[in-house]
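First the structure, in the form of structure tokens, and then the observations on it.
By convention in this document, chain letters (A, B, ...) are assigned in the order of the sequence lines, proteins followed by strands, and residues within each chain are numbered from 1.
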2 protein chains.
Amino acid sequence: MTIREVAKRAGVSIATVSRVLNRSKPVSEELKRRIEQAVRETGYLPNAVARSMIQKRTGLIGVIIPEIANPYFSGLVEGIESVAHQHQSHIMLAVSRKDPRREMDLLRIFQARQMDGIILAAARVGGELRRVLQSLTIPYVLIGQRPAGLRAPCVKVDNRRAACEVTTHLIGKGHRRIGMISGPMWDLASGKERYEGYRDALGEAGWTPRPEWVAAEESFRLQDGVKGMERILRAKERPTAVFCACDRMAVGAIQALESRGIRVPDQIAVAGFDDEEAATMIRPRLTTVRHSPFEMGWKATERLMATLRGEGSSPDEVIRVGHGLVVRDSTSGGK
Amino acid sequence: MTIREVAKRAGVSIATVSRVLNRSKPVSEELKRRIEQAVRETGYLPNAVARSMIQKRTGLIGVIIPEIANPYFSGLVEGIESVAHQHQSHIMLAVSRKDPRREMDLLRIFQARQMDGIILAAARVGGELRRVLQSLTIPYVLIGQRPAGLRAPCVKVDNRRAACEVTTHLIGKGHRRIGMISGPMWDLASGKERYEGYRDALGEAGWTPRPEWVAAEESFRLQDGVKGMERILRAKERPTAVFCACDRMAVGAIQALESRGIRVPDQIAVAGFDDEEAATMIRPRLTTVRHSPFEMGWKATERLMATLRGEGSSPDEVIRVGHGLVVRDSTSGGK
DNA sequence: CTGTTAGCGCTTTCAG
DNA sequence: CTGAAAGCGCTAACAG
């Protein structure tokens, strides 16, 4: 089924069929009718690939994320898909598994496939990736972090400030010995930023982080939270509060405490980050930082679409999404 | 940057460049060298859209799911992506929001966009959708359910049998009054099947479901679990055990009980389905059915790839993925 | 308003 | 082994 057969069937030229299909130029009612009928009878569907080739626009936006089975990233994708849909675009989704090599490959593949734009939530951003990004000829938006020297819009939450707020909250509760369970410092950038916020807050109180109370685990999973807390509990003197880089780690941390019979928050208070669904499932309910991955995906895509429409932006624009401290039971009571 | 410029730069014809790029025919070392150098110097990337048009193969598989921020579907996507990647294919992801109208549109769009194949996890499958599916000219695999009369491979877990097993487990624990919190019966099919399994188990014991103990909520969210349990608690006589159609609903159910001071499992036992991460976060830990969305996505994609290779299958093949009862604290103790 | 024609960028015969 | 030429299916001038 090609446009040619439809044209033949309707007794017109392919150009006229194209005009009717795209409403690109006026066509007489009579021909329009015949063409529409032919389309209906044949069940003809225009080949979008051929169309893309001519129009130099695929209506596709490429999305690269480290993993998908993680509420943060699936929220992101949901936000992206939602806006893309409003703009009659579709998304090609690729998972990098945190492999910078694969991220670079994907950028090239997306370029070769003529994506209209790209949204990249990179795991880490090293020099190599930066170079690929610089040679990219299609517009892109970063999520979560932007490597130094790159001029592209970036959507992020203010991890540092938010982490500082949580930690300050703990200090306000009277805690003097505060630990942190963090992910790998080089990974996802947010890990590093959240650690810095923690350090800032301690600094404002005139303290510095105590190494035996800071557990930098290899990833951000629940299990890493368990390990992190176990590590911290081995210190001779224990902290009275622990801030975790994300909620799933906080859940792991609470489970580790539970299995040792240590009460939360009475003996050790715990705070998380992200306000995932898990935060209200766990007991005690988790004090955490709320922000919206959906909103991030949404804003990133809006920015991208604006760029595609030709609306410029200061090229090192940082689009911040809001956040807020949510105080629940895991840090309640005073110290 | 087109193949033409590379050819000019290397002083050869575009055909020869194409041969080198695709290793499709032998080319002399000398020309090969010159061409590779020209490619490197220009940073040329072949236009995949043009290539797809000729080869009638896009290397794209279309994926339609009802929502993404749900561990079941994100697991599915992860499995699909993983296998697609192994076959150097990519995925176009679209979210139907359970709207059958949108599902049909997406099928047409994917067909127009020349997807090599489609994987559809449909919300409900009514007559209209079936008609669209029947007129589809590209291979597709269904996940979760297949409407009657459709001849296409379908990957599913045996919801009915598994639900029967959980319920039988409850009966084995001595429960005589067993309720169920279910999602909408027409939605996602799994809702219906799980209810049927529950009914089967009761039937084997010689009972039938008591309407006041069966809450069919409007969706499968945590909040629906809360509402369902509240509804059931309004019955004059209360059940001693409640089976929930999914873990998030079970979590909601447990929270509803908790807020009324009803102890789980002593006063009311609760079981779920899916074995999400939440199942081990909640206290008491949830008895549930484990199965693997990842495996489903994976098997669906393998089947699709086999079809694309020309390997046929009995066209009404049902590919089952395993499941298993996981007994935890929420149903422990006897009645 | 309508048809003819020239490509989009690439692969693939078909001759050398 | 290499190049010229014919399209893939469609849109977009360009003439009528």
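The side chain of B:Thr2 approaches C:dG9 more closely than any other nucleotide in the set C:dT11, C:dG9, D:dC10.
The residue B:Val12 sits close only to the backbone: its heavy atoms come under 4.0 Å of sugar-phosphate atoms, none of a base. Using a 4.0 Å heavy-atom cutoff across all strands shown, B:Leu31 reaches sugar-phosphate atoms only and no base atom. Here B:Thr16 lies in heavy-atom contact (under 4.0 Å) with sugar-phosphate atoms only.
OP1 or OP2 of C:dC8 has not a single side-chain nitrogen or oxygen of B:Asn47 nearer than 4.0 Å. Taking 4.0 angstrom as the limit, A:Ser13 places a side-chain polar atom (N or O) nearer than this to OP1 or OP2 of C:dG3. Regarding contacts with the backbone of C:dT11, a side-chain N or O of B:Arg51 is found under 4.0 angstrom from either OP1 or OP2. Between D:dG9 and B:Lys56, a contact under 4.0 Å exists linking OP1 or OP2 to a side-chain N or O. Within the 4.0 Å cut-off from OP1 or OP2 of D:dC1, not a single side-chain nitrogen or oxygen of B:Ser28 is found.
Comment: B:Glu302 does not engage B:Lys299 in a salt bridge, judged by the lack of any side-chain N to carboxylate O separation of less than 4.0 angstrom. Salt bridge status for A:Arg34 with A:Glu30: present, with a side-chain N to carboxylate O gap under 4.0 Å. By the 4.0 Å N-to-carboxylate-O rule, A:Glu29 lies close enough to A:Lys32 to be salt-bridged with it.
Between the P atom of D:dC8 and the CD atom of B:Gln114 lies a distance of 14 Å, rounded to the nearest Å. Look at CD1 on A:Ile54: it is 12 Å from P on D:dG9, rounded to the nearest Å. When rounded to the nearest whole Å, the span between CG of A:Asn22 and P of D:dG9 equals 17 Å. When rounded to the nearest whole Å, the span between NZ of A:Lys25 and C1' of C:dG3 equals 12 Å. Whole-Å rounding puts the B:Arg113 CZ to D:dC8 C1' distance at 18 Å. If you take CZ of A:Arg19 and P of C:dG3, they are 8 Å apart, rounded to a whole angstrom. As a whole-Å value, the separation of A:Ile3 CD1 from C:dG7 C1' is 15 Å. Remark: P of D:dG9 and CD of A:Gln55 are 17 Å apart, rounded to the nearest angstrom.
Closest-nucleotide positions on DNA chain D for B:Pro26 and A:Tyr44 were compared, and the one nearer the 5' end corresponds to B:Pro26.
A donor-acceptor distance shorter than 3.5 angstrom exists from the side chain of A:Ser52 to the backbone of A:Ala48, with no hydrogens or angles considered.
Residues B:Ser74 and A:Phe73 form no side-chain contact, since every pair of their non-hydrogen atoms from C-beta on lies 4.5 Å or further apart.
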